[in-house]
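Can you read through this structure? Questions will come right after.
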Amino acid sequence: MQELTDAGLPVGPTAAVDGPAELLDQLAAGHRLLWDTTSLTYPALVGAGIRVERCHDITLTERILLGRQGVFGAPCSARAVHARATGTPVPDDPVRTEASAEPTLFEPGAADERAEAAPVDSIEVMRVALVDQLRRIDHDRALGLLIAAESASALAAVEMGSTGLPWRAEVHLGLLDSMLGPRPRAGERPTRLAQLAAEINDAFGFPVNPDSAVDLRAAFRRVGFDIDTTRSWVIKDLAHPAVASVLTYKELARVHTANGWNWHDEWARDGRFRPEYLPGGVVSGRWATRGGGALQIPRALRAAVVADPGHRLVVADAAQLEPRVLAAISKDPALQAVSADADLYTALADDGFGGDRAHAKLAMLGAMYGQTSGEAGRLLDTLRRRYPAAMQCVQDAAHRGERGEVVRSVLGRACPPPSDGWREVVEWGSRQDATDPERKRADQFARDRGRFTRNFVVQASAADWAAVWLSGLRRDLTQVPGAELVFFQHDELIVQVPIESAELVADLSIRAARAARDLVFPGSVVSTPVRPVIVDCYADAK
DNA sequence: TCAAATGGCGCC
DNA sequence: AAAGGGCGCCATTTGA
């Protein structure tokens, strides 16, 4: 047990916790728990009805700290940190056994692996690891904040995975029936898809399997359309009678395979959808999920997310977070001014795009993603003129990436360095003649990485902000009986709350966003507003 | 025959 | 000159 201040510094004694009674005492005293890996230890506590307010997750912290040293993918357990700190051989990380996996029979060693996955409980190992991490954090305020938010996110992730997102089976199954027809036998096409497939065959005049991109492309080529991909946005512009059926087929087939009856069987048990959330699972610091595609719930199915009786959903999203984050990290005066507006894109449009919001948005997204072709490319000049500092900021990040350097988020999360293979290609190719294929390949590699680092500074800083926002709101929600975080997706979260507390929670989400702005961008005038909506059903939120 | 790669598309 | 970021998941295709 170790208490840390909010700045990530130790103030209390170190002591092992013996047994549940002492654990409860320590929790009641408001101590911050120190442990190896939240996702391994905390689920059992949550299952026992114990809620931890604050923790320090050594593994997640180590991932951030090692990343800043340019190391990715190395073992990050307390034992590994201890080993590196003491100059002893670094053990492999414990094998992660998936909670959702079927028990494996007849697999020698599986039980041993599970035993190894038990969290490290040696207090001395953890003490040494913590001291080493604090030394490396070195009183860096931003980094301490990032690490505190990462650990808090880990708690929230376990709690959300346990609580689950309310999911009404009858609504979901009703939608499937209306879109696809009755549930087919295993391996068969739903009736609606079978109909569409027949229409597609008729329109072409020969059999085509719309599930096969190869087959579909060959079919369109055979009738005179020289396409090299069957993406919807290409198909939609072709003048052929099969087009409408193909597009509808693709849309419905996607629902069937991604969120159809099989998905429902596997993921939507007991009125809840319980994915496994992985904070920091993306290099930018965004969360990932394992199972169920939780971060890609299609809009068409959000009607199935309905609050329990007597409850409401507070759906809060940070409006246009990424351009606001760009304004904050670049300190571009004009973009900061524009970001004062509740609708940044409208203000942007009025500021230089003749009131054309769609163009303004396209240009801004293109600038952050590194797009330079097409419409967005043509609009880039306007942005460069109006917001030179902001454009310089992403341009610098791109150049650093092209040169093989790394970039960091506002709170200090580092992007991975390029691979050895990348360096070889780029170094060799850059010495060749401009027309040499090796040179072209090298330039391509460099540009690709430039786009990645260009986007990283914005996406990762936005993730910093979102983690602090989520952490702050989670803490505040402990004051609201019955309020539960049930979903988090990059810049949007959902709290299920008793009706009488909905307004309060909506307000808390706004305050937490303001607090996150002040913590992540101290002194910045850029606002990062959230707009909570109180609804019964997720589909009504937008 | 099976694992890895690919194509496509959902979300931000 | 040219340059579309990050994911997870499914069915199909490819390759050993």
Side-chain angles (χ1 to χ4, degrees), chain A residues 187 189 193 209-218 227-235 246-247 249-260 262-263 266-267 275-278 280-302 317-323 325-326 362-377 380 394-395 397-399 401-402 407 409 415-416 434-435 439-441 443-463 466 487-493 538 542:
Chain A
R189 271 191 181 128
L193 287 182
N209 175 11
D211 287 324
S212 163
V214 172
D215 205 23
L216 193 57
R217 186 180 56 206
I227 57 173
D228 42 30
T229 165
T230 59
R231 291 197 180 102
S232 302
W233 59 271
V234 170
I235 303 267
V246 167
L247 292 177
Y249 183 94
K250 280 172 170 283
E251 208 179 307
L252 294 179
R254 165 85 192 176
V255 172
H256 175 50
T257 59
N259 296 97
N262 291 342
W263 182 93
E266 188 170 3
W267 294 106
E276 184 183 6
Y277 294 95
L278 306 172
V282 178
V283 286
S284 66
R286 279 184 170 183
W287 291 22
T289 57
R290 186 155 45 202
L295 302 184
Q296 302 120 252
I297 300 171
R299 285 173 186 279
L301 293 186
R302 293 183 180 185
D317 82 309
Q320 304 137 1
L321 180 58
E322 294 197 341
V325 164
L326 175 56
L362 193 69
M364 183 52 76
L365 291 175
M368 291 186 297
Y369 292 166
Q371 182 178 9
T372 51
S373 66
E375 195 68 35
L380 208 57
V394 287
Q395 186 81 2
H399 280 151
E402 289 173 5
V407 295
S409 72
C415 82
T435 57
R439 168 65 176 269
K440 290 192 178 189
R441 186 149 165 270
D443 290 350
Q444 179 73 44
F445 270 47
R447 281 198 307 274
D448 286 349
R449 189 171 149 77
R451 278 194 301 281
F452 166 64
T453 51
R454 169 195 293 267
N455 184 252
F456 184 94
V457 294
V458 178
Q459 188 186 111
S461 298
F487 191 61
F488 175 62
Q489 182 182 40
H490 310 315
D491 61 0
E492 173 183 20
L493 54 79
Y538 191 19
K542 274 181 188 168

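Below, read A as the first sequence line, B as the second, and so on, with proteins coming before strands; counting in each chain starts at 1.
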(Q) At 4.0 Å (heavy atoms only), tell me whether A/Gly291 reaches a base, stays on the sugar-phosphate, or touches nothing. (A) sugar-phosphate
**Q.** Footprint string (nucleotides 5-12 of chain B, 5' to 3'): B base within contact, S backbone only, - free, heavy atoms under 4.0 Å
**A.** --SBBBSB
Q: Would you kindly give the CZ-to-P distance between A/Phe488 and C/dC7, to the nearest whole Å?
A: 16 Å
Q: Using five base pairs at each end, measure the axis-to-axis angle across the helix from B/dT1-C/dA16 to B/dC12-C/dG5 and round it to 10 degrees.
A: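 Helix axis angle between the two ends: 10°.
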Q.
With a 3.5 Å distance limit and no angle check, can you tell me whether A/Asn455 reaches the backbone of A/Tyr369 through a side-chain donor-acceptor pair?
A. no
Q. Given C/dC7, C/dG4, C/dG5, which nucleotide is nearest the side-chain atoms of A/Val283?
A.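 Of all the options, the side chain of A/Val283 is nearest to C/dC7.
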Q: Scan A/Thr257 against the nucleic acid and name what it touches under 4.0 Å (heavy atoms): base, sugar-phosphate only, or nothing.
A: sugar-phosphate
Q: Check whether any side-chain nitrogen or oxygen of A/Ser284 sits under 4.0 Å from OP1 or OP2 of C/dG5, and answer yes or no.
A: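 Checking A/Ser284 against C/dG5: no side-chain N or O falls below 4.0 Å of OP1 or OP2.
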Q.
Rounded to whole Å, please give me the gap between CE in A/Met364 and P in C/dG5.
A. 18 Å
Q | Integer-rounded Å distance: C/dA11 P and A/Arg189 CZ | A | 12 Å
(Q) Mind checking if A/Gly377 touches a base, just sugar-phosphate, or nothing, with heavy atoms under 4.0 Å? (A)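 Result for A/Gly377 = nothing.
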(Q) Could you tell me how far apart A/Leu216 (CG) and C/dA11 (C1') are, to the nearest whole angstrom? (A) 14 Å
Q: Using side-chain contact (heavy atoms from CB on, under 4.5 Å) as the criterion, list what pairs up with A/Gln395, not counting sequence neighbours.
A: A/His399, A/Arg454
**Q.** Protein-nucleotide distance (A/Asn209, atom CG; C/dA11, atom C1'), rounded to Å
**A.**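 Taking CG of A/Asn209 and C1' of C/dA11, I get 9 Å after rounding.
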Q: Not counting sequence neighbours, which residues clear ring-ring contact (aromatic ring centres under 6.0 Å, His included) with A/Phe487? List them please.
A: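 Result, ring-ring contact (aromatic ring centres under 6.0 Å, His included) vs A/Phe487: none returned.
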Q: Would you kindly give the CZ-to-C1' distance between A/Arg439 and C/dA1, to the nearest whole Å?
A: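 These atoms are roughly 12 Å apart.
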Q: Would you give the length of the straight line joining atom CE of A/Met368 to atom CD of A/Gln459, rounded to the nearest 0.5 angstrom?
A: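 Here the interatomic distance stands at 10.5 Å.
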Q | For A/Glu322, all residues meeting salt bridge (Lys or Arg N to Asp or Glu O under 4.0 Å), sequence neighbours excluded | A | A/Arg286
Q: Name all residues meeting the side-chain contact (heavy atoms from CB on, under 4.5 Å) criterion together with A/Ala319; count only those two or more places apart in sequence or in a different chain, and write none if there are none.
A: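 side-chain contact (heavy atoms from CB on, under 4.5 Å) check on A/Ala319 returns A/Arg531.
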Q. Using atom C1' of each nucleotide, how far apart are C/dG4 and B/dC12 to the nearest Å?
A.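 These two C1' atoms come out 15 Å apart once rounded.
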Q. Nearest nucleotide by nearest heavy atom, which residue falls closer to the 5' end of DNA chain C, A/Gln444 or A/Gly293?
A.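 Nearest-nucleotide comparison on DNA chain C picks A/Gln444.
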Q: Return the value, rounded to whole Å, for the distance between atom NE2 of A/His399 and atom C1' of C/dA3.
A: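 It works out to 12 Å between those atoms.
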Q. Taking only residues two or more places apart in sequence or in another chain, which ones pass side-chain contact (heavy atoms from CB on, under 4.5 Å) with A/Arg217?
A.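 Applying side-chain contact (heavy atoms from CB on, under 4.5 Å) to A/Arg217 gives A/Arg221, A/Ile227, A/Thr230.
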(Q) Run the side-chain contact (heavy atoms from CB on, under 4.5 Å) test against A/His256 and tell me which residues pass, sequence neighbours left out. (A) A/Leu180, A/Pro184, A/Pro190, A/Leu193, A/Trp261
Q. Should A/Arg441 and A/Gln444 be marked as a side-chain hydrogen bond (donor to acceptor under 3.5 Å, both in side chains) after you check the CA-CA gap, both sets of side-chain angles, and the distance that decides it?
A. CA-CA 5 Å; A/Arg441 186 149 165 270; A/Gln444 179 73 44; over 6 Å; no
Q: Would you classify A/Arg447 as touching base, sugar-phosphate or nothing, given that sugar-phosphate means primed atoms plus P, OP1 and OP2, and contacts are heavy atoms under 4.0 Å?
A: base
Q. By salt bridge (Lys or Arg N to Asp or Glu O under 4.0 Å), which residues pair with A/Arg439, not counting sequence neighbours?
A. A/Asp443
